[in-house]
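Working notes, beginning with the structure itself.
Just follow the structure's listing: the first ligand is 1, and inside any ligand the first atom is 1. Quick note: numbers below take in every heavy atom, side chains included, and nothing from hydrogens, waters or symmetry partners.
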Amino acid sequence: MRIKGRDWRTIWLEDDGCSVGVIDQRKLPHFLHIHIIRSLEDAVEAISQMVVRGAPLIGVTGAYGLMLALQKDASDASLDFAYKNLVSSRPTAINLNWALSRVREHVINLPLHLRAEAAKEEAQEIAEEDVLICEEIGEQGLLVLKQINAEKQREQQGKPLNVLTHCNAGWLAAVDWGTALAPVYKAHRTGMNLHVWVDETRPRNQGASLTAYELGCEGIPHTVIVDNAGGHLMQHGQVDVVIVGSDRTTKTGDVCNKIGTYLKALAAFDNSVPFYVALPGSTIDWSVLDGLQEIPIETRSEIEVLEIEGHSENDEIVRVRLCPSQSKGFNPAFDVTPSKLITGLITEKGVCAASESGLKSLYLK
Ligand code: MRU
């Protein structure tokens with residue numbers, strides 16, 4: 001996608017072949033900084049500190065992290081150590097596990113001197129595939145948006161299609177295009193008149209900072225709202241469709257995504273607003289039946305709740321305390337939306353019901 005007229009991806013292999021460049025997402029939207037990952041330790045830190053975030057992107061970063069570990073030491077012990085450290089750096093998004101397993105399986109039977117190069121090729125392939133998959137999610141989601149927009153235009157001609165999204169599931173969460181926002185970008189490029197309600201997404205505010213930034217770069221009309229405003233807007237007919245991403249999708253179609261997604265799904269259900277989840281096949285965890293019981297929910301530092309970060313008049317990023325000094329915070333980072341609240345899943349293979357048979361009809365033909 002474009003920032004000030006230049007095409008960007010969120011992650012790339014540097015020309016030296018042994019370091020990885022990423023956009024530092026902790027600094028957006030105020031500063032566009034490049035962060036260089038040079039070692040396994042750097043990769044683990046970049047994922048856990050959310051220099052990079054979003055399910056597809058942490059998968060790709062993990063794959064490059066294994067490459068960096070093998071460039072230093074290609075032994076089985078090194079591969080094992082790197083895998084364990086990377087996979088535990090963020091426990092909820094299954095893409096990380098998926099990408100790491102894919103690189104590990106690709107190199108494990110190779111002689112040691114070939115492993116690092118093979119890991120590099122596989123990581124690059126995962127990154128390239130991610131771009132194609134997300135673009136296809138965009139095409140599939142465009143069909144959904146066109147249909148909903150056609151219905152809206154019959155009743156309210158000339159009015160923009162109002163899309164609500166939560167967190168950031170745009171191109172910053174992937175290598176390019178994104179998942180939930182890919183259909184929005186496609187629709188905008190076809191000339192559809194649309195407007196996006198952007199949930200700020202406390203506590204880290206990925207909506208207010210990253211989604212708003214992305215949409216702004218593409219010139220897409222959008223309005224940032226507090227997380228609690230969505231239900232009110234739906235009650236007043238101001239949301240035509242909700243589209244969110246997924247960090248882990250169970251085989252039965254439950255969706256684990258950024259904390260607060262479940263409340264949006266409940267409000268959408270109560271107000272008959274279509275609620276779609278956009279996801280690549282790599283977020284499906286075929287081993288999980290019951291999302292509520294089986295998906296590990298990452299708990300992050302209470303500091304993210306008790307404090308807030310912003311841009312000061314001195315052009316610096318500053319943190320300030322919101323709560324009384326003695327108050328404690330609790331910070332579960334994801335929740336699970338049951339499939340019964342989901343209108344459909346938008347995947348690179350097509351749109352299906354949020355159910356085991358729906359997913360199988362696309363992926364296990
Ligand atoms: O904690 P984050 O910022 O990594 O969470 C991101 C999300 O919840 C996204 O909605 C999800 O990864 C889907 S990304 C395309």
For the pair H195 and W197, name the ring-plane relationship: parallel under 30°, tilted 30 to 60°, perpendicular over 60°. perpendicular

Filter the ligand 1-protein atom pairs down to N or O on both sides and distance under 3.5 Å, then list them.
residue  : atom   : partner : partner atom : Å
ligand 1 : 1 (O)  : R90     : NH1          : 3.4
ligand 1 : 1 (O)  : R90     : NH2          : 2.8
ligand 1 : 1 (O)  : K258    : NZ           : 2.7
ligand 1 : 3 (O)  : R53     : NE           : 2.9
ligand 1 : 3 (O)  : R53     : NH2          : 3.2
ligand 1 : 3 (O)  : Q206    : NE2          : 2.9
ligand 1 : 4 (O)  : G54     : N            : 2.9
ligand 1 : 4 (O)  : R90     : NH1          : 2.8
ligand 1 : 8 (O)  : D247    : OD1          : 2.9
ligand 1 : 8 (O)  : N257    : OD1          : 3.3
ligand 1 : 8 (O)  : K258    : N            : 3.4
ligand 1 : 10 (O) : N257    : OD1          : 2.7
ligand 1 : 12 (O) : A55     : N            : 2.9
ligand 1 : 12 (O) : D247    : OD1          : 3.2
ligand 1 : 12 (O) : D247    : OD2          : 3.0

Pairs of donor and acceptor atoms involving the side chains of residues 264-278, under 3.5 Å and at least two apart or interchain, shall be tabulated with distances.
residue : atom : partner : partner atom : Å
K264    : NZ   : D199    : OD2          : 2.9
K264    : NZ   : D227    : O            : 2.5
N271    : ND2  : A267    : O            : 2.7

Are R26 and E309 within salt-bridge range, i.e. N to O under 4.0 Å? no

To the nearest 0.5 Å, atom NZ of K27 lies from atom NE2 of H35 at 8.5 Å

Can you confirm whether the side chains of N331 and E302 place a donor and an acceptor under 3.5 Å from each other? no

So, is the end of the K360 side chain (NZ or CZ) under 6.0 Å from the ring centre of W286 and within 45° of the ring's axis? no

